[in-house]
Amino acid sequence: MSDTESKEPLNFIEQIIEEDLKNGKHGGVVHTRFPPEPNGYPHIGHAKSIVLNFGLAEKYGGKCNLRFDDTNPEKESSEYVEAIKRDVEWLGYEWHGNALFASDYFDRLYEWATELIKKEKAYVDDTPVEQIRAERGTPTEPGKESAYRNRSVEENLTLFSEMKDGKYPDGAKILRAKVDMASPNMHMRDPILYRIRHVEHHRTGNSWCIYPTYDFAHGQSDSLEEITHSLCTLEFEVHRPLYNWIIEQLEIFPSRQIEFARLNLGYTIVSKRKLLQLVEGGYVSGWDDPRMPTLSGIRRRGYTPNAIKNFIHKVGIARRDSITDVALLEYSIREDLNKTTNRVMGVLDPVKLTITNYPEDRDEELTAINNPEDESAGTRKLPFSNEIFIERADFMEDPPRKFFRLGPGREVRLKYAYIIKCEDFKKDGDGNITEIICTYDPDSKSGQDTSGKKVKGTLSWVSAKHAETVEVRLYDRLFKTENLNEIEDDFLNHLNTDSLSTLDNVKVEPSLKNAQAGSRFQFERQGYFVVDQDSGDTKKIFNRTVTLRDNWAKQSRK
RNA sequence: UGCCCGAUGGUGUAACUGGCAACACGUCUGAUUUUGGUUCAGAAGAGUCUAGGUUCGAGCCCUAGUCGGGCAACCA
């Protein structure tokens with residue numbers, strides 16, 4: 001694997017890995033990890049990290065751990081742990097061994113803290129929060145050393161042990177590293193290693209009342225797991241000197257931190273905090289609302305793991321901030337679904353069409369191809385009769401020249417059936433078309449057409465008396481602003497109020513009667529749909545995953 | 001008036017580590033098509049943030065600047 005010469009260009013992380021491999025670093029082992037904090041549901045941005053970390057391990061024959069960074073019990077819960085596991089598995093990855101937790105290392109971390117104290121590299125500080133903050137200085141001014149900075153090793157050891165034993169209330173004391181209060185890097189100005197929190201942890205319960213900070217837990221966790229390449233996003237770059245400092249002081253396995261730019265998507269928000277706001281504020285139905293960029297939302301929307309992975313690969317990995325065009329995501333899902341999904345007939349906005357010369361009592365079974373992209377998908381029977389439904393948008397009373405569909409006197413083909421001609425139509429008092437009257441050409445049956453006619457348009461349809469009525473939920477982007485990083489007002493002001501529209505009188509062919517939740521279909525000429533989990537036995541619900549590309553719509557917009 | 005990153009078509013990434021910018025998406029043509037889908041053929045679109053420098057030669061190296069991002073939670 002690792003010695004395969006691929007022609008694919010390598011991203012900068014792969015270049016680093018291949019260089020390490022060449023130099024025999026870590027004995028040619030590649031070991032990565034996906035390290036989420038269980039404080040929210042994973043979203044498309046996390047997918048980038050998941051695909052990167054697990055993908056690299058796969059590519060180089062290495063391993064990838066799943067490790068929860070659960071050092072802040074106040075925000076974390078096992079609900080999130082489960083959601084994260086589910087999503088990683090859904091994407092098709094298997095973590096190495098059991099799921100791991102930073103909290104598994106609390107004992108070890110405590111020992112290491114003690115070790116740092118003994119080396120005079122850490123001390124207990126009684127300074128109040130506000131003062132600590134003030135003494136840290138600003139980016140342009142150096143900080144001031146704490147009055148407690150030079151306590152004796154013995155005193156620090158005693159105090160730290162008492163902190164652990166619960167002798168002090170929250171915030172009374174902290175453990176800090178002794179680095180350099182004048183460092184131009186704020187994170188090196190005696191960073192906090194442990195804080196007192198008398199709260200229950202979702203895994204360790206009440207056995208601890210002091211918890212390590214990210215900086216004191218993450219690097220050592222990587223080290224304990226012998227992570228060779230520790231990948232994280234750009235904002236942790238300034239933490240890297242501290243990450244390395246701790247590893248050096250403790251003389252432990254030297255994992256290497258490498259940062260890459262997080263994923264930004266147009267019209268999409270990727271912030272757990274804001275996503276939580278959408279859920280709690282009732283702007284969406286939940287974490288798995290199909291409009292949400294969460295993996296659970298995307299999954300419910302009908303996206304496939306393959307599409308997500310391909311999308312991430314197409315986006316690439318780099319160190320510069322960027323915002324990816326949603327069109328790339330949509331392309332990825334269409335590309336996948338086009339090849340894998342069966343076609344069916346569905347009419348979203350039905351209008352009745354009567355074929356006057358077709359016998360009322362006649363039922364015909366036509367043969368339809370399930371997937372023109374996949375012959376093995378076979379064919380199915382489609383019932384036809386004198387009354388059918390077609391899409392309201394497929395008829396125009398006064399059509400423009402480039403409109404290939406139905407209009408007075410025009411002819412079109414009904415897919416898999418006959419060529420029909422519009423003879424007349426009816427309208428109600430408001431001018432809405434209520435019925436289209438046609439005749440058909442008996443010699444034009446699909447597959448045995450002897451009519452010699454050529455028509456430009458082919459319509460999808462559903463036989464009225466055989467149709468199933470279902471509900472369809474059409475989704476649009478949740479926000480109306482493309483770059484949500486640039487806005488200055490509340491992001492909620494940018495919500496697209498028309499992001500969901502529900503159609504409750506959609507007609508579909510009878511083969512869909514027993515479609516199971518999670519099954520995906522292409523409604524011919526419309527888009528890709530997935531059966532929603534809310535579907536009842538009486539009425540199915542279909543979520544529209546994405547529309548088909550539509551050159552006509554594009555052209556008619558001009 | 002600090003430190004650290006980054007800057008390549010509309011968007012996202014490449015450029016064999018110095019040899020005269022490529023791929024994908026998007027856009028536009030045309031062909032095929034019983035999905036205005038798919039597929040196929042093709043086109044337009046950047047001279048690589050700016051100014052210097054090194055070099056036979058710079059998107060790649062150096063210097064300065066500009067612009068963008070990050071860093072002052074007992075968050076991660």
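Keep in mind that what you see is a predicted model, and the values were worked out from it rather than measured. In the text below, chain A, chain B and the rest are named by the order of the sequence lines, each starting its count at 1.
Of the candidates A14(B), U35(B), A76(B), the closest approach to any side-chain atom of Thr458(A) belongs to U35(B). Closest to the side chain of Thr324(A), from the set C71(B), G12(B), C74(B), is G12(B). Of all nucleotides listed (G2(B), U34(B), A76(B)), G2(B) comes nearest to the side chain of Thr140(A). Set against C75(B), G26(B), A72(B), the side chain of Arg195(A) has C75(B) as its closest nucleotide. Of the candidate nucleotides G2(B), C74(B), U35(B), C74(B) has the atom nearest to the side chain of Arg136(A). Nearest nucleotide to the Glu235(A) side chain, out of A73(B), U38(B), A76(B): A76(B). If you check U35(B), C75(B), G12(B) against the side chain of Ser322(A), the one that comes closest is G12(B). When each of C75(B), A24(B), U17(B) is scored by its nearest atom to the side-chain atoms of Gln15(A), the top-ranked nucleotide is U17(B). The side chain of Arg549(A) lies closest to G37(B), out of C74(B), A76(B), G37(B).
Residue Glu19(A) is classed as having no contact, given no heavy-atom separation below 4.0 Å to the nucleic acid. Using a 4.0 Å heavy-atom cutoff across all strands shown, Phe403(A) reaches at least one base atom of the nucleic acid. Among the atoms of the strands shown, base atoms are found under 4.0 Å from some heavy atom of Tyr416(A). No engagement by Pro241(A) is indicated, since no non-hydrogen atom pair under 4.0 Å with the nucleic acid exists. When heavy atoms are screened at a 4.0 angstrom cut-off, Phe236(A) is found touching base atoms of the nucleic acid. If you check every strand for non-hydrogen atoms under 4.0 Å, His218(A) touches nothing. Among the atoms of the strands shown, none is found under 4.0 Å from any heavy atom of Ser332(A). Across all strands, Gln522(A) comes closer than 4.0 Å to base atoms (heavy-atom distances). Among the atoms of the strands shown, base atoms are found under 4.0 Å from some heavy atom of Gly447(A). Base engagement by Val129(A) is indicated by at least one non-hydrogen atom pair under 4.0 Å involving a base atom. Ile323(A) comes within 4.0 angstrom of sugar-phosphate atoms only, judged by non-hydrogen atoms across all strands, and of no base. Among the atoms of the strands shown, base atoms are found under 4.0 Å from some heavy atom of Lys402(A).
Nucleotide G47(B) carries a syn base; the chi torsion (O4'-C1'-N9-C4 or O4'-C1'-N1-C2) is within 90° of 0. Classification of A51(B) as anti follows from a glycosidic angle more than 90° from 0. Classification of U13(B) as anti follows from a glycosidic angle more than 90° from 0.
A salt bridge is defined here as a Lys NZ or Arg NE, NH1 or NH2 lying under 4.0 Å from an Asp or Glu carboxylate O, and Glu335(A) with Lys314(A) meets this definition.
Aromatic stacking of Phe404(A) on G36(B): satisfied, with centres closer than 5.5 Å and planes within an angle under 30 degrees. The aromatic ring of Tyr214(A) does not sit over the base of A76(B), since the test of centres under 5.5 Å and planes under 30° is not met.
Residue Phe311(A) is tested with Leu263(A), Val51(A), Asp336(A) for a side-chain contact (heavy atoms from CB on, under 4.5 Å); the sole match is Leu263(A).
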Per-nucleotide pairing state of RNA chain B [Watson-Crick or G-U, under 3.5 Å; [ ] pseudoknot-crossing; | other strand]: .((((((..((((.....[..)))).(((((.......))))).....(((((..]....))))))))))).....

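Taking the P atom of each, C23(B) and G42(B) are spaced 12 Å apart, rounded to whole Å. Using P as the reference atom, C75(B) and C5(B) are 28 Å apart when rounded to the nearest Å. Distance check on atom P: G59(B) versus C20(B) gives 10 Å, rounded to whole Å. Using atom C1' as the reference point in both A44(B) and U29(B), the two lie 10 Å apart (nearest Å). With both ends at atom P, the span from G2(B) to C61(B) equals 24 Å, rounded to whole Å. Taking atom C1' in both U48(B) and A41(B), one finds a spacing of 30 Å when rounded to whole Å.
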List, with names and distances, any nitrogen or oxygen atoms from the protein found under 3.5 Å away from nitrogen or oxygen atoms belonging to nucleotides 3-6 of chain B.
from	atom 1	to	atom 2	distance (Å)
C4(B)	O2'	Glu237(A)	OE2	3.2
C5(B)	O4'	Glu237(A)	OE2	3.3
C5(B)	O2'	Arg319(A)	NH2	3.3

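Panel note: side chain Asn53(A), backbone Phe34(A); no donor-acceptor pair is recorded below 3.5 Å.
Between Gln526(A) and G36(B), a side-chain N or O to OP1/OP2 separation shorter than 4.0 Å is absent. Checking the phosphate oxygens (OP1, OP2) of G36(B), a side-chain nitrogen or oxygen of Arg525(A) falls inside 4.0 Å. Contact annotation: Asn11(A) side-chain N/O to U13(B) OP1/OP2 distance is not under 4.0 Å. In terms of phosphate contacts, Arg133(A) brings a side-chain nitrogen or oxygen within less than 4.0 Å of OP1 or OP2 of C74(B).
Counting distance only, with no hydrogens placed and no angle test, the side-chain atoms of Arg413(A) and the base atoms of U34(B) include a donor-acceptor pair under 3.5 Å. Looking at Arg405(A), its side chain comes within 3.5 Å of the base of G36(B) through a donor and an acceptor atom. Evaluation of atom-type donor-acceptor distances gives no pair under 3.5 Å for the side chain of His313(A) against the base of A24(B).
A donor and an acceptor atom, one from each side chain of Asn185(A) and Ser183(A), are nowhere located under 3.5 Å apart. Looking at Tyr148(A) and Asn156(A), their side chains never bring a donor and an acceptor atom within 3.5 Å of each other.
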Lys453(A) and Asp441(A): CA distance, side-chain angles, deciding distance, salt bridge (Lys or Arg N to Asp or Glu O under 4.0 Å) verdict: CA-CA 10 Å; Lys453(A) 287 179 178 165; Asp441(A) 182 341; 2.9 Å; yes

